Amino acid sequence: MDRLQVITADITQLHVDVIVNAANERMLGGGGVDGAIHAAAGAALVAACRAVPEVRPGVRCPTGEARITPAFQLPARFVVHTVGPVWQGGQCGEPDLLAACYRASIQMAIAHNARSIAFPAISTGVYGYPLPAASQTAVRECAQGLQRHSSLEKILLVARRQSQADQIQQSLMDWFSGA
């Protein structure tokens, strides 16, 4: 399926409608892709995130949900912030929460008339989610999202390194071969 692609790139440089940020619940920047997106978008992104109401003290976006802001200095139109689960062995609801991140992000993008989305490998950095399992979830949810939403033209699964791209590509091939 050429509407779902795996690429190795700097997500902050992509010309898509929506860049998905693997955020934390505060939405005020952090490490990894979150820090890179905040740095590239500029200070206005922090201000926009601060304007998102807290649902409880210190939490603007609970795990498994998504929020949207303008992209400011990024080449995208919007940033969808989603909070993936911290890996605790897989028995604490992590698979369902990770799947919810992808679904919520796609829904948020669709609601804002997005035709293209770029996702990082949510939760696979400091949150410790194993890449093989995370990439299977990402591929499944994105493929199903494309099936449900014909207005979506393209979803990019963005890897930072070629080894990460290879794992995600293997999950993509497995999904389409029915393995």
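These numbers come from a predicted model, not from an experiment.
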Trainee: State, yes or no, whether a side-chain contact exists between Ile117 and Ser105 at a heavy-atom distance under 4.5 Å.
Mentor: no

Trainee: Say whether, by atom type as modelled, one donor and one acceptor occur between the side chain of Asn24 and the main chain of Gly29 under 3.5 angstrom.
Mentor: yes

Trainee: Residues in salt bridge (Lys or Arg N to Asp or Glu O under 4.0 Å) with Arg160, at least two apart?
Mentor: none

Trainee: Does either side chain, that of Gln170 or that of Asp174, offer a donor lying less than 3.5 Å from an acceptor on the other one?
Mentor: yes

Trainee: Quick one: are Gln167 and Gln164 in side-chain contact, heavy atoms under 4.5 Å?
Mentor: no

Trainee: So among Val20, Leu74, Ile68, Val18, which one has a side-chain contact (heavy atoms from CB on, under 4.5 Å) with Val79?
Mentor: Leu74

Trainee: So if you build clusters from Ile, Leu, Val, Met, Phe, Trp, Tyr with side-chain heavy-atom gaps below 4.5 Å, do Leu157 and Leu152 land together?
Mentor: yes

Trainee: Could you give the distance from CG (Leu97) to CH2 (Trp87), rounded to the nearest 0.5 Å?
Mentor: 11.5 Å

Trainee: Judged by atom type as modelled, is there a donor-acceptor pair below 3.5 Å linking the side chain of Gln91 to the main-chain atoms of Gln88?
Mentor: no

Trainee: What's the spacing between Asp166 CG and Ser135 OG if we round to 0.5 Å?
Mentor: 11.0 Å

Trainee: Determine which pairs satisfy ring pair (Phe, Tyr, Trp, His ring centres under 6.0 Å) with at least one residue from residues 4-30, sequence neighbours left out, and list them in order.
Mentor: none

Trainee: Who are the salt bridge (Lys or Arg N to Asp or Glu O under 4.0 Å) partners of Asp34, not counting sequence neighbours?
Mentor: none

Trainee: Does the side chain of Met27 reach to within under 4.5 Å of the side chain of Arg67, using non-hydrogen atoms?
Mentor: yes

Trainee: Is it true that a side-chain atom of Ser123 and a backbone atom of Pro85 form a donor plus acceptor pair closer than 3.5 Å?
Mentor: yes

Trainee: Hydrophobic clusters here meaning ILVMFWY residues chained together by side-chain heavy-atom distances under 4.5 Å, can you tell me if Leu14 and Leu4 are in one?
Mentor: no

Trainee: Would you call Asp17 and Arg77 a salt bridge, taking side-chain N to carboxylate O under 4.0 Å as the test?
Mentor: yes

Trainee: Return yes if some donor-acceptor pair links the side-chain N/O of Arg103 with the main-chain N/O of Leu98 below 3.5 Å, else return no.
Mentor: no

Trainee: If you define the side chain from C-beta out and look only at heavy atoms, does anything of Phe119 sit under 4.5 Å from Val16?
Mentor: no

Trainee: Checking Glu94 side chain against Tyr129 main chain: does a donor-acceptor pair fall under 3.5 Å?
Mentor: no

Trainee: For Arg60, does its backbone N or O pair with a side-chain atom of Arg26 as donor and acceptor, under 3.5 Å?
Mentor: no

Trainee: Starting from Ile122, can I reach Tyr127 by hopping between I/L/V/M/F/W/Y residues whose side chains sit under 4.5 Å apart?
Mentor: no

Trainee: Distance check, rounded to the nearest 0.5 Å: Ile19 atom CD1 versus Phe78 atom CZ?
Mentor: 12.5 Å

Trainee: Tell me whether Thr137 contacts the main-chain N or O of Ala99 through its side chain, where contact means a donor paired with an acceptor under 3.5 Å.
Mentor: no

Trainee: Mind checking the CD1-NE2 spacing from Ile155 to His149? Nearest 0.5 Å is all I need.
Mentor: 8.5 Å

Trainee: Measuring from atom OG1 of Thr124 to atom CG of Leu131, what distance do you get when rounded to the nearest 0.5 angstrom?
Mentor: 5.5 Å

Trainee: Can you tell me if Thr82 and Glu65 form a side-chain donor-acceptor pair at under 3.5 Å?
Mentor: no

